[in-house]
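In what follows, residues are counted from 1 in the order of the sequence shown.
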Amino acid sequence: MNTGLQLYNTLTRKKELFQPLNAPNVGMYVCGPTVYSDVHLGNCRTFMSFDLIFRYLKYAGYKVRYVRNITDAGHLEGDRDEGEDKFAKRAKLEQLEPMEIVQKYTLGFHDVMRMFNTLPPSIEPTATGHIIEQIEMIKVIIENGYAYEIGGNVYFDVEKYSKQYNYTILTNRNLEDMLNNTRELGGQDEKRGRLDFALWIKAKPETLMQWQSPWGMGFPGWHIECSAMSAKYLGAEFDIHGGGMDLAATHHTNEIAQSEACSRHQPARFWMHTNMLTVNGTRMSKSAGNGFLPLQLFTGDHPLLKKGYSPMTVKFFMMQAHYRSTLDFSNDALDASEKGFRRLMAAVNLLDKLSVSEQNEFDIDSLKENCINAMNDDFNSPVLIAELFEAVRIINTVYDNKAKISAVELEKLKALINDFVFDILGLKDEESDNLELNSVLDMVIELRKEAKENKDYATSDKIRIGLQELGIQLKDGKEGTTWSKA
């Protein structure tokens, strides 16, 4: 088992040696999507990053229980328990039942995740499927003195909690500054404190999604669902809690408060957060008009995109930045990633065509160690990819008969590619998926070969140039002709 893994912990603001509470078992909870609309790229980056983490932890020998929730109720538009319910608003807009909205966008989310070749989590619980657990947790928090009920609403008492615990431990913010930057309670606001937040919200008569509780008909606040579900499936204390950095200040801060108020324990030992996306240096957002959905990125159907990019190109692009770094989208950057990904896949497809020798000029064990060291350094995928391009150099050099590799080292190289390119990064060769295209090109390459053998060079060149104009690059080698997208 890998024991040298260092993780950056938002809680302590430093890298720490990862030592699971109950090795070899690892419990990891990641905040999933709110399924009232199409999943956006920021979410996709978060889920791809934790897919990488999930994959590497398994490679390192851990038995991982990865829990990623679906928020399908209780999410109001504002962080201060105000505004319309997001599901009800979308349901009115599309003239559907709220649970039809949930079903539609949950299926869409799963479709996009499959396009990005991510593994499903071990458990994918929903908020509506755990109403009882949320009610029971709220009851305990009230019994412990950290929440109060007013007119069918239940609020968390941040001031009382802060007398015993550090409410801002995750973000290291000053509590007094937070209070000063929060507007005064209006005359209609029944909360006792400006930072108090809802655990249970009284439903209006017309509200479609509501449940019976000790405080009357209502629905859970947004934050309580993750505390309740993480505790149910991972226990009061577990190893890793993850999500986007935008969740740290409010959602994750309130999760910690709820969990400690209920169990007296800090829920997760490691808190991990992915960074935001930008477009041409400006933060990606719907309001700025520079946000695009995954399918728009695949098709190029957006004013800021000059063409579409395949799911694996986008994934490779995202993996070229560390999960804690800002990732900037631009056509030039995506073009460069497309070329890099094709170069990687082209080399991978040459592996079975390499000739072995009694002599050997490469140390694959050392290369593997470098790859492991990169991932052990807080899942440093950019460094890992740089090491994989050393593998590309080795493959191309051997294929061009400029260096020799032994059968033993070649098998090690194949295993390294399988482990790190496919099993850990979760990439796949999109060209090999298209069996029909492969068959057609094999036939065309064979026709070109026959033309060359018959000294019909005009036809041979015509085929090569014609394919090049269609974006297909041919490469003649000792073992035959291979193709890749130009």
Side-chain angles (χ1 to χ4, degrees), residues 9-11 18-23 25-34 50 53-54 57 62-75 121-147 149 154-158 160-161 164-167 169-170 197-201 211 213-215 218-244 247-248 250-273:
N9 192 350
T10 307
L11 200 64
F18 180 61
Q19 296 177 309
L21 287 164
N22 187 29
N25 299 299
V26 171
M28 180 170 74
Y29 187 93
V30 175
C31 290
T34 301
F50 283 99
I53 291 167
F54 180 37
L57 288 172
Y62 294 109
K63 183 179 180 181
V64 188
R65 176 177 286 183
Y66 172 20
V67 182
R68 185 185 68 205
N69 72 299
I70 295 284
T71 297
D72 59 352
H75 201 157
S122 314
I123 302 173
E124 193 172 50
T126 64
T128 55
H130 295 77
I131 299 295
I132 293 173
E133 289 83 355
Q134 294 174 75
I135 290 173
E136 290 303 310
M137 178 171 265
I138 294 169
K139 286 163 67 175
V140 175
I141 294 172
I142 292 174
E143 290 169 7
N144 289 344
Y146 296 106
E149 185 264 336
V154 180
Y155 298 105
F156 190 89
D157 192 330
V158 172
K160 189 168 184 181
Y161 168 83
Q164 187 172 355
Y165 300 99
N166 182 359
Y167 179 64
I169 188 171
L170 189 63
F197 57 91
L199 301 176
W200 188 263
I201 301 169
W211 293 265
S213 79
W215 317 286
F219 53 91
W222 172 36
H223 313 298
I224 192 68
E225 65 174 276
C226 289
S227 292
M229 290 189 283
S230 63
K232 175 168 183 173
Y233 295 109
L234 300 176
E237 295 179 88
F238 54 95
D239 297 300
I240 298 171
H241 194 310
L247 299 179
T250 302
H251 184 52
H252 289 167
T253 289
N254 290 346
E255 271 193 70
I256 292 173
Q258 292 165 160
S259 297
E260 280 191 320
C262 180
S263 68
R264 316 289 187 182
H265 290 297
Q266 163 73 244
R269 294 180 64 246
F270 287 85
W271 287 80
M272 302 179 67
H273 293 92

Practice item. Under the side-chain contact (heavy atoms from CB on, under 4.5 Å) rule, collect the residues that match up with Ala236, sequence neighbours excluded. Key: Ser263, His265
Point to revise | Which residues share a ring pair (Phe, Tyr, Trp, His ring centres under 6.0 Å) with Phe270, sequence neighbours left out | key: Phe18
Exercise for review: Any pair with a residue in residues 220-243 that passes salt bridge (charged side-chain N to carboxylate O under 4.0 Å, His left out), sequence neighbours left out, goes on the list, sorted by first then second residue, please.
Suggested key: Glu133-Lys232
Revision key, fill the gap. Residues passing the ring pair (Phe, Tyr, Trp, His ring centres under 6.0 Å) test with His273, sequence neighbours excluded, are His252
Point to revise | Within residues 254-263 or reaching into it, pairs that qualify as salt bridge (charged side-chain N to carboxylate O under 4.0 Å, His left out) - sequence neighbours excluded | key: none
Point to revise | Pairing residues for Tyr167 by the ring pair (Phe, Tyr, Trp, His ring centres under 6.0 Å) criterion, not counting sequence neighbours | key: none
Check your understanding: Is a side-chain N or O of Asn69 found less than 3.5 angstrom from the main chain of Ala127, in a donor-acceptor match?
Key -> no
Exercise for review: With sequence neighbours left out, write down each residue that passes ring pair (Phe, Tyr, Trp, His ring centres under 6.0 Å) with Phe219, or none if nothing qualifies.
Suggested key: none
Practice item. With sequence neighbours excluded, tell me which residues meet side chain to side chain donor-acceptor pair (under 3.5 Å) with Thr253. Key: none
Exercise for review: Identify, with sequence neighbours excluded, every residue that meets side-chain contact (heavy atoms from CB on, under 4.5 Å) alongside Asn22.
Suggested key: Asn25
Point to revise | Pairing residues for Lys160 by the salt bridge (Lys or Arg N to Asp or Glu O under 4.0 Å) criterion, not counting sequence neighbours | key: none
**Study point:** Pairing residues for Thr34 by the side-chain contact (heavy atoms from CB on, under 4.5 Å) criterion, not counting sequence neighbours
**Key:** Tyr36, Thr71, His75, Phe87
Practice item. Could you pull out all residues at least two apart from Glu124 that satisfy salt bridge (Lys or Arg N to Asp or Glu O under 4.0 Å)? Key: Arg68
